[in-house]
Amino acid sequence: MNLFIVESPTKAKSIAKYLGNGWVVRATLGHIKDLPERELGVDIKTLEPKYVWLKGKKKIVDGIKKAAKKAKKIYLGTDPDREGEAIAYFLKEELLKVNTSIYRATFYEITKKAITEAIGGASDINLNLVSAQFSRRVLDRLIGYKLSPFLWRDLKERGLSVGRVQSPTLRLIVERERQIQNFKRKKYYYIKAEFVVDGVEFSAVFKQRFEKPSNAEPFMKKLKDVMFVVKSVSKEMQKEPPPKPFNTVSLQAEASKILGISVDKVQKMAQKLYEEGLITYPRTDSYRMNKEKAQEFMKYIERTYGKDYVGRLRKYKEKALAWGAHECIRPTSLDKKPESVLELKLWSLISSRALASLSSDAIREKFFVVLLALSDHTLEFTAEGSKLVFDGWTRIYPKEVKDRALPHLEEGQVIKPKRIYIEEVEVPPPPRYTEGSLVRTLENLGIGRPSTYATIIKTLKDRGYVVLEKGYLKPTEMAFKVVDYLMEKFPNLMDYGFTKYMEDNLDAVEEGKKDWKEVVRESYRRVLNAKE
DNA sequence: CAGTGAGCGAGCTTCCGCTTGACTT
C-alpha cells in the first residue's frame, strides 16, 4: 500500500478515485503547524520561530502516521507553492518517525495524467521554498505583534491592530474617504444639438466645453436658427474580446455585484459548490483552464450556439504568483448543477463566464459624424453611434451595452436641428470602495492572497475600522487615527509597494540567493526605519 | 518624610495564510 497526502479532503476523494486500489489518500486540511497565537513565538535575537501544532491537527497527523507506518511509499502532494511546501516539510518531519520512504509530488491539475506524472517525477522537499514561508510568516508575525501595541499605547484603545496587509488596505479606504471629503463640486457645460432624420433621433455635441453657462451664450446666439451640413461620416469595426474566466477575485467582485451579496457569502457558496464537486477549486489567482475541458466546452458552444460562436483557449498574462497550484474557477461539468436557487445562480454565472471566455469576439460597428453650422464652418459638432453587428460571447455572458443609433447620413447633406440647448454635467466624486472593488484593487497591488481576500475585510470590520453602508465600505473615526498614526510612524509599511518589496525578497530566498533570516531582518528594519 | 525607582504580578488586546468542520447564537 502507498500513501498520498494532500491538503483538501475533496481533492483526496478525486485522487483516490484516480489511483484506485493499493493507495490510501489522506488530507491535512491545510497547515498543521504555526506560530503560537498567545505569544510572539519568534526569538527576537536569533529570529528562530517556534512552530506548534495547530488546534486539532495533531490528531489528524496521528491518523496519517498510522497509515504511514503501513505504507511502502509516502507521497507529499500538498499544493505546489510556498505554503504547501511548508506543510510538506512539517509532515515529513513527523512521518520520518515512522517511515523514511517519503517523496514530494507536485501537480497543477487534478487529472489522472497529472497525478501519475507527479508520482513518477516525485523528488524531495524544496527547502528554499520552506525558508521563504518562514520569512513570510515571521515577518508578518513581527509586524503584527510588535507594532500593534504601539496603537494600544498611543491611541489608548485596546484591540487595535497593525498588519502588512490590513494596514495598507485600511489606508486605501481612508484615502478614498478623504478624496471624497475634499472633493470640489465641478460642473461643466456642453452645447448639444438634437436632430431627427428619417425618424431616428440623435444628438451632436459642440467641440468646446464651458466652465460657466454664460461662456456658452455667445455661441448659442450664433447658433440660433442655424442649419447644419454633414462634413464627414466615418465608421470602424471594433472587436470586443471575451472576458477571462473567473479567478477568486473576479468571481468575488462580479458575483457580489450581480447577486447583491457580500464577497464572504460568495466565497462560502463557492466553497460549497466545490465540495459538491460542481466547480474547480475556488481559491486561485490563475485564469488557466484545463485544455481537455476547454475543448469539451467549445464543443458545447458549437452544438448550442453554432460554429461562429466558438473562440479559442486564450493565454493570459499571469501575475508571478499565479504560477501556483490551481487553474481558473470553472464548472467541472456542464450537466451537474446545484439545486438551491442562489447556488444555481452562482454556478450559472461561473459556467457562462467560463464558456464566454472560450467564445468568439463580439463585433461592434462605430460611427463618427462631423457636422458644421452652414452659416459658420468654425462651429463644429460631432455625433457618435454604435451598433453590435455580431454578438459573439455576449450571447453567452450578457453584457449591457446599449446601441446608439445614427441615421444614414451623406456628406454634404443639410439637416435642421430640432433644438439646441446647454447641458449641465456634474463630475461625480470618486465612489467609496465596495467589497468587490477593494478586493480587485488589492489583487492589482499584489496585497493578500486568494484564501484571505474575504477575511481581510472581515478583520477591518471586526477591529471597528470600517462599516458597510449601503454596500460601500466607510472608514470610522478610529480608522483615520490609525492610518494617520501609522503613516507618520511606519511610512514604509504603509507604502502600497511594501508587499511587492517583500515578495521580491522571498523570490530571492526561493532561488537560494538570500538567507531567509536576513530577509526578515532587512524587511523588518525597513518597517521600523522611519523613527523608533 | 516625601519622592523615586526597582521589582513584581495581573492582564493578555495583536499578524497572514492554508484548509474545513465543530462549535455557538
Side-chain angles (χ1 to χ4, degrees), chain A residues 5-13 26-42 49 51 54-57 59-61 78-91 129-130 132-153 155-170 248 267-268 270-272 274-276 281-285 321 324-326 442 447-460 462-465 478 482 486 490 493 498-499 502-503 506 520 523-524 527:
Chain A
I5 305 167
V6 294
E7 294 175 45
S8 148
T10 313
K11 276 190 200 171
K13 268 183 224 151
R26 293 299 185 86
T28 68
L29 311 191
H31 275 298
I32 59 172
K33 291 193 173 189
D34 191 15
L35 302 177
E37 208 175 338
R38 306 222 156 269
E39 52 174 305
L40 186 62
V42 177
Y51 276 95
L54 274 164
K55 218 174 105 200
K57 293 304 173 70
K59 221 169 146 187
I60 290 172
V61 174
T78 48
D79 290 354
D81 52 30
R82 265 197 321 253
E83 304 295 329
E85 204 71 15
I87 297 171
Y89 172 83
F90 290 120
L91 267 177
L129 270 181
V130 179
Q133 200 271 351
F134 289 0
S135 263
R136 200 280 301 155
R137 185 64 191 94
V138 168
L139 181 59
D140 280 338
R141 171 55 65 92
L142 289 180
I143 291 171
Y145 277 32
K146 296 297 263 186
L147 303 196
S148 295
F150 280 98
L151 293 184
W152 310 338
R153 187 192 70 188
L155 300 186
K156 298 182 182 29
E157 169 116 358
R158 41 187 300 164
L160 301 178
S161 59
V162 182
R164 170 180 56 86
V165 167
Q166 61 169 276
S167 297
T169 304
L170 189 60
T248 300
Q267 200 53 37
K268 288 203 165 108
Q271 174 68 18
K272 186 142 178 270
Y274 165 68
E275 285 166 13
E276 289 163 355
Y281 196 73
R283 289 178 289 273
T284 174
D285 40 22
L321 281 166
H326 308 281
L442 292 180
I447 296 174
R449 303 288 302 127
S451 68
T452 62
Y453 289 125
T455 45
I456 293 166
I457 295 172
K458 187 176 178 322
T459 300
L460 296 180
D462 287 349
R463 297 283 165 275
Y465 291 157
M478 186 49 81
V482 166
L486 294 176
F490 307 111
L493 171 70
F498 185 77
T499 290
M502 180 192 76
E503 287 292 346
L506 296 186
V520 174
S523 307
Y524 191 51
V527 169

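Below, chain A is the first sequence line, B the second, and so on; all start at residue 1. Heavy atoms only: backbone and side chains are in, while hydrogens, waters and symmetry mates are out. Predicted model, so just to flag it, every value in this text is computed and none were measured.
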N/O-N/O pairs, protein side and nucleotides 10-13 of chain B side, under 3.5 Å:
{"residue": "B:dC12", "atom": "OP1", "partner": "A:R158", "partner atom": "NH1", "Å": "3.2"}
{"residue": "B:dC12", "atom": "OP1", "partner": "A:R158", "partner atom": "NH2", "Å": "3.2"}
{"residue": "B:dT13", "atom": "OP1", "partner": "A:R38", "partner atom": "NH1", "Å": "3.2"}
{"residue": "B:dT13", "atom": "O2", "partner": "A:G159", "partner atom": "N", "Å": "2.7"}

Considering heavy-atom distances to DNA chain B, does A:R283 or A:S148 have its closest nucleotide positioned more toward the 5' end?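 The answer here is A:S148.
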A:P36: which residues meet the side-chain contact (heavy atoms from CB on, under 4.5 Å) condition with it, sequence neighbours left out?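 A:P36 satisfies side-chain contact (heavy atoms from CB on, under 4.5 Å) with A:E39, A:K50, A:V52 once adjacent residues are dropped.
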Please name all residues satisfying side-chain contact (heavy atoms from CB on, under 4.5 Å) with A:T455, sequence neighbours left out, ordered by chain then number.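 Per chain and number, A:T455 pairs via side-chain contact (heavy atoms from CB on, under 4.5 Å) with A:T452.
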Distance check needed: [N] [atom2] versus [X] [atom1], whole Å only.
X      : N      : atom1 : atom2 : answer
A:F150 : B:dC15 : CZ    : P     : 16 Å
A:L151 : B:dT14 : CG    : C1'   : 10 Å
A:K272 : B:dG21 : NZ    : C1'   : 14 Å
A:K59  : B:dG21 : NZ    : P     : 14 Å
A:D79  : B:dG17 : CG    : C1'   : 12 Å
A:I5   : B:dC18 : CD1   : C1'   : 16 Å
A:I447 : B:dG17 : CD1   : C1'   : 15 Å
A:Q271 : B:dC18 : CD    : P     : 14 Å

Distances under 3.5 Å between nitrogen or oxygen atoms of protein and nucleotides 23-25 of chain B:
none

Tell me, please, which residues at least two apart from A:Y524 pass ring-ring contact (aromatic ring centres under 6.0 Å, His included).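 Once residues adjacent in sequence are excluded, A:Y524 has no partner under the ring-ring contact (aromatic ring centres under 6.0 Å, His included) criterion.
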Taking only residues two or more places apart in sequence, or in another chain, which ones meet A:F498 in a ring-ring contact (aromatic ring centres under 6.0 Å, His included)?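 ring-ring contact (aromatic ring centres under 6.0 Å, His included) check on A:F498 returns A:Y501.
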Picking from A:R137, A:K57, A:R141, what satisfies salt bridge (Lys or Arg N to Asp or Glu O under 4.0 Å) with A:D34?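 Looking at A:R137, A:K57, A:R141, the match for A:D34 under the salt bridge (Lys or Arg N to Asp or Glu O under 4.0 Å) is A:R137.
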With sequence neighbours excluded, what pairs up with [X] under the side chain to side chain donor-acceptor pair (under 3.5 Å) test?
X      : result
A:R164 : A:D140, A:T499
A:T78  : A:R104
A:Y145 : none
A:Y274 : A:S8

[X] side-chain proximity, nearest of [options]:
X      : options                : value
A:E275 : B:dG17, B:dG21, B:dC15 : B:dG21
A:P9   : B:dG21, B:dC15, B:dC16 : B:dG21
A:H31  : B:dC16, B:dT20, B:dC18 : B:dC18

Dot-bracket pairing map - DNA chain B, Watson-Crick plus G-U, both contacts under 3.5 Å, | cross-strand: .........................
Lys/Arg N to Asp/Glu carboxylate O, A:E83 vs A:R136, below 4.0 Å: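 Counted as a salt bridge, because a side-chain N and a carboxylate O are separated by less than 4.0 Å.
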When all nucleic acid strands are considered with a 4.0 Å heavy-atom cut-off, which category describes [X]: base, sugar-phosphate, or nothing?
X      : value
A:S8   : sugar-phosphate
A:Y274 : sugar-phosphate
A:R164 : sugar-phosphate
A:T459 : sugar-phosphate

Ignoring backbone atoms, establish whether A:Q166 has a side-chain N or O less than 4.0 Å from OP1 or OP2 of B:dC16.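 A:Q166 to B:dC16 OP1/OP2: side-chain N or O found under 4.0 Å.
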Would you say A:S451 reaches B:dG17's phosphate, i.e. side-chain N/O to OP1/OP2 under 4.0 Å?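 For B:dG17, neither OP1 nor OP2 has a side-chain N or O of A:S451 closer than 4.0 Å.
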Salt bridge (charged side-chain N to carboxylate O under 4.0 Å, His left out) with A:K272: which residues, sequence neighbours excluded?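 Partners of A:K272 under the salt bridge (charged side-chain N to carboxylate O under 4.0 Å, His left out) test: A:E276, A:E343.
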Given side chains that start at C-beta, do those of A:K33 and A:L91 come closer than 4.5 Å, heavy atoms only?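 A side-chain contact under 4.5 Å is absent here.
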Pairwise side-chain contact, A:H326 with A:D285, heavy-atom cut-off 4.5 Å (strictly under):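 Answer no - side chains too far apart.
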Hey, is the side chain of A:R141 pairing donor to acceptor with the base of B:dC16 inside 3.5 Å?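 There is none.
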Would you say the base of B:dC15 and the side-chain of A:R137 have a donor-acceptor pair closer than 3.5 Å?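 Yes.
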